[in-house]
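The block underneath contains the structure these notes are about, expressed in C-alpha cells.
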Amino acid sequence: MVEQYEIISDIGNGSFGKVQKIRRKTDDKILVWKELNYGKMSEKEKQQLVSEVNILRDLKHPNIVQYYDRIIDKSNQRIYIIMEYCEGGDLALIIRKTRKQSDHIAEDVIWKILMQITLGLYQCHRRQLNNQPGNDSNPNASGEAPQKILHRDLKPGNIFLDGNGNVKIGDFGLARVMNHDSQFAYTHVGTPYYMSPEQINESKYNEQSDIWSLGCIIYELAAQHPPFQAQNHLSLAVKIKTGKFERIPARYSEELNRVVSWMLCQNSIERPTVDDLMNLPQVSLRIREKK
Ligand SMILES: CNC(=O)c1c(C)[nH]c(/C=C2\C(=O)Nc3ccc(Cl)cc32)c1C
C-alpha cells in the first residue's frame, strides 16, 4: 500500500502523471513513483495504462528504467507505478545545463549514450519470448514468440541517468506491444519535436519510428537543439516532412554526422535498425569495452 512509502519530493512530470521521489520504509530504498489519476481516464486510456504496466513489468535491462511494483488506491482512484530512481535526472536537463554553461557534450559521451540507448532499444525491438510450454504467445515459424515493443515517445526527457552514468530509457507511457502479425500500427499522438514523418502522416509507424526519434536525440546532444524547430505544430510538421536540417556542429566527426543523418532518413526503411546501430564500429567498440 501507499503507506509503505514516504513521499520525499516532486521531481517532474511523466506521461499522464506526476513523478515523485519516494522512500520505501522497509529498507529506506529510494525509488520514484508515477502517480496517475485513473478516475478521469477513458476505458481506452485505462487499457493503455494496463498495457504500460505490463510492458514495464516484463522489460528487465540495465538500459531500461526498472519497474518495481504498482499500487492501485481505489479510495482516490489513483495508480502508482513504482520505478527505479535515476539520480542523474534526464537528458533534457543535461542539454539545458550544457547550453546554459555555453559548453558542449564531448563526442565520446554522445557515442556512449547512443550505445546504451541502442542496447535498451534492442531489448524492446528484438525481444523474443521463448515458446516455453504453457506460454500462450503466438509462436512464429521458428517456434519463438516475436513480440516487439515500440516506445513511440523517445525524447531527451524520457532518457534518464543513474548515479553511475548509466543511461536508461524510461516512461513507456505511449508504448505499444506489436506481435508478429501486426507489424505496423495506426494511431495518432501529439506532434512533438521528435515525431517521425510517418507518424505525422498518421500512417504506419514501426520500430524505425523509434530510430528517427533516437536520431533527433543524438542530433540534439550535439547541436543543443532538435533538428526540426518551428513556432507551431503545423510548420513543425512541414519541416519534419521536408527533412532538411543543418549539419551537427563542425567539432563533431563526419562519422557521427553520417549516423545521425542515416537515422533521420525520410523513408523509414532506409534508416538503420537497432542491429545496424549495434554493428557500428564506434558502438560495437564501446559495447565490447563495457563487458
Ligand atoms: C529535476 N529532475 C530531476 O533531476 C530528476 C531526477 C533526479 N529523476 C527524475 C525522474 C525519474 C527518475 O529518477 N526515475 C524515473 C522513472 C520513470 C520516470 Cl517517467 C521518471 C523518472 C527527474 C526528472
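Whatever order the structure lists ligands and atoms in, that order sets their numbers, starting from 1. Note that the coordinates shown come from a computational prediction; the quantities given were computed from them, not determined experimentally.
W212 and Q208 share no donor-acceptor pair across their side chains, judged by distance under 3.5 Å alone. Side-chain contact of R286 with Q282: a donor-acceptor pair under 3.5 Å is present, judged by distance alone. Side-chain atoms of Q224 and T98 include no donor-acceptor pair closer than 3.5 Å.
Between E255 and R258 no salt bridge is recorded (no basic side-chain N to carboxylate O distance below 4.0 Å). At a threshold of 4.0 Å, the pair E207-R271 does not count as salt-bridged, since none of the basic side-chain nitrogens sits closer than that to a carboxylate oxygen.
Less than 4.0 angstrom separates some heavy atom of V32 from each of these atoms of ligand 1: 12 (C), 13 (O), 14 (N), 15 (C), 16 (C). Annotation for ligand 1: atoms under 4.0 Å from non-hydrogen atoms of L93 are 4 (O). Within the listing of ligand 1, atoms 17 (C) sit less than 4.0 angstrom from a heavy atom of M83.
At a heavy-atom distance under 4.0 Å, only side-chain atoms of V65, from C-beta outward, approach ligand 1. Residue-level proximity to ligand 1 for K21 is absent, since no heavy atom of it falls below 4.0 angstrom.
In terms of modelled atom types and a separation under 3.5 Å, the side chain of D210 and the main chain of H151 share a donor-acceptor contact.
Within the 4.0 Å heavy-atom cutoff, C86 counts among the residues contacting ligand 1.
An N or O contact shorter than 3.5 Å links E84 to ligand 1 by distance.
Between W33 and Y80, the two ring planes are tilted [angle within 30° to 60°].
Nearest-residue assignment for atom 23 (C) of ligand 1 (options I11, L31, I82; heavy-atom criterion): I11. With G170, G89, G157, G163 as candidates, the residue nearest to atom 5 (C) of ligand 1 on a non-hydrogen basis is G89.
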